[in-house]
Amino acid sequence: MHRFNQMLILLSGLLIVTSCSVDELPAPDVAIQYMLGGETTIYSSGPDAFTFPLPNLDEAGLAEHFLSDAAFEQQFVSAPAEQFGGLGPVYNHTSCNGCHVRNGRSSIPQFAGDPMSGLLLRLSVPGFDEHGGPLGAPGFGGQLQNKSIYGVQAEGTIAVSEEQKIMTYADGSSVILTHPTYSIADAYMALPENLMISPRNAPPVFGLGLLEAITEADILSHADPADQNGDGVSGQPNTVYDPYTHLMQLGRFGWKAESPSAKHQSEAAAHNDMGLTTPAFPIEHCDGQSNCTEGLQDVVDVDDATIELFAHYFQTLAVPAQRNYNDPQVKKGAALFEEIGCGACHISTYTTGVHPIASLSYQTIHPYTDLLLHDMGDDLADHRPAYAAGGTEWRTAPLWGIGLTQVVNTRATFLHDGRAKTIEEAILWHGGESLASRNAFMQLSAEDRKALLAFLNSL
Ligand code: HEC
Ligand code: HEC
């Protein structure tokens, strides 16, 4: 986004805050709860709701944010180029925001090879890499790169087949769900026989600095791997290799919590999604393509400072406030959410610890996630393990901002592979540890289901 536009939007955002505080003072009991990001909350519910910087940044922090915004939106081109070269040789997209549309989700492919989609396929074969992570597929590595620069073959295209199933509520009404199965078409070489494929849609990227600022002790305090409290819910942390510390660390980011930090997530994205070489990942993705490494430079395509900028951008993106928090239907939905057990995994409240970005420290926030892995049943399984995450396990998705998903990107959908067209469908796909809670949802009256959905849409 252009800097001046953003400034204007920021200013109008501030004006809205001022006018809100006159007419719509929240009742004391919800005064804090509705500020989903604590003091970093912004007041916007339009298509740009995920694009605002933390309102409590100081002048220098704000300047840094706008600089990092440019990096996140930068389209990279193939080498040789004076600036922003190094794209590919194989890649998935030319910029970060090409997939994270307005900092929200990407859309899933509407047809084989849909260039608008940011969905990607993670790949592996049975076994482990040297750090206990997934073992890349011979000839393809850990991800299908479905685009390539001139003169190089892309690894293949993403194909999909669909099956439908009907879910019927206790009151007799029903919903048709569509289950996509992703595969690879036009592979540039024979696919390994035992290939495992995990489809991943690009998630939203706001509020992630706050999630990074939740203390490890706080996250681990919710883990219950052996389900000792007997509630059927047994969250466990992912533990992943950190290339900076060379240690195994708590995973926080990605649909299976495979990334330990904002910096790692950025550097891995630059390398895997855009084909940029970086200080931690200096080797091009040339898994077997002929003429792949021709003409590539010896120096890395992006330096550490650029990686830090990518990270700084989403670390300093604000969380939009809850809307309609005083609406009786929304309040009823919030109560039902806890009553039927959604809150066992989608944990509402934390106080962040200390973060190097001071604006993120000591904030009381409401992300509705435990950042832990849960068995979500066979229907959602990708059968592709990643560190501690088994083939049926996923990280509890944060629910803040979820009601604005399709305001920000009308083509956006829900769940790790984007199979759910609505929030209601996303709930109906819940299985495994969340089966009891899903079944309780299906027992609710139409009016109560509506209240629960009104609550989720207010987030
Ligand atoms: C090809 C599309 C694509 C591009 C390009 C892309 N991403 Fe992503 N991004 C994804 C997908 C898919 C995931 C989920 C990955 C997973 O589950 O492992 C993701 C995850 C993330 C996350 C974690 C979100 C969360 O809730 O845990 C962050 C942060 C992120 N990307 C930042 C970036 C940055 C920074 C760039 C540019 C350097 C970038 N992405 C480029 C598709 C993309
Ligand atoms: C056992 C833990 C658990 C329980 C209980 C649970 N969820 Fe989830 N929820 C998850 C996980 C894990 C995901 C991500 C699944 C995926 O993407 O495949 C998720 C995803 C979602 C999503 C989609 C989020 C997105 O970003 O696309 C919604 C909406 C949701 N849950 C709402 C609910 C509601 C409402 C309930 C109660 C009826 C509930 N959940 C109960 C763990 C849980």
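Numbering of ligands and ligand atoms starts at 1, following listing order.
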What residue and heavy atom of the protein are closest to [atom], and at what distance?
| atom | value |
| --- | --- |
| atom 1 (C) of ligand 2 | C345 SG, 2.6 Å |
| atom 32 (C) of ligand 2 | H346 NE2, 3.8 Å |
| atom 28 (C) of ligand 2 | L399 CD2, 3.6 Å |
| atom 33 (C) of ligand 1 | H100 NE2, 3.7 Å |
| atom 4 (C) of ligand 1 | C99 SG, 3.3 Å |
| atom 16 (C) of ligand 1 | R200 NH1, 3.2 Å |
| atom 14 (C) of ligand 2 | R395 O, 3.8 Å |
| atom 13 (C) of ligand 1 | P203 CD, 3.2 Å |
| atom 21 (C) of ligand 1 | Q265 NE2, 3.2 Å |

NZ or CZ of R449 within 45° of Y169 ring axis and under 6.0 Å: yes
Is the positively charged end of K263 above the ring of Y244, judged by distance under 6.0 angstrom from the centroid and angle within 45° of the axis? yes
Could you say whether the N/O atoms of [X] and ligand 2 ever approach to under 3.5 Å?
| X | result |
| --- | --- |
| R105 | yes |
| H416 | yes |
| L415 | yes |

Backbone, side chain, both or neither: what part of [X] comes under 4.0 angstrom of ligand 2, heavy atoms only?
| X | value |
| --- | --- |
| D417 | neither |
| S434 | both |
| W255 | side chain |
| R419 | neither |
| L380 | side chain |
| L373 | neither |

Indicate if the distance from atom 8 (Fe) of ligand 1 to the nearest N, O or S atom of C96 falls below 2.8 Å. no
Out of curiosity, is S437 lining ligand 2, as in a heavy atom under 4.0 Å away? yes
Ligand 2 contacted by E393 (non-hydrogen, < 4.0 Å): no
Which of the listed options, [options], holds the heavy atom that is closest to [atom]?
| atom | options | value |
| --- | --- | --- |
| atom 42 (C) of ligand 2 | M376, E433, E339 | M376 |
| atom 37 (C) of ligand 2 | A257, C342, G232 | C342 |
| atom 27 (O) of ligand 1 | S117, G254, A202 | G254 |

Mind checking whether atom 8 (Fe) of ligand 2 has an N, O or S of H430 under 2.8 Å? yes
For ligand 1, does L208 get within less than 4.0 Å through its side chain, its backbone, both, or neither, judged by non-hydrogen atoms? side chain
Can a non-hydrogen atom of [X] be found less than 4.0 Å from any atom of ligand 1?
| X | answer |
| --- | --- |
| R252 | no |
| F72 | yes |
| S95 | yes |

Is the shortest side-chain N to carboxylate O distance from K165 to D379 below 4.0 Å? yes
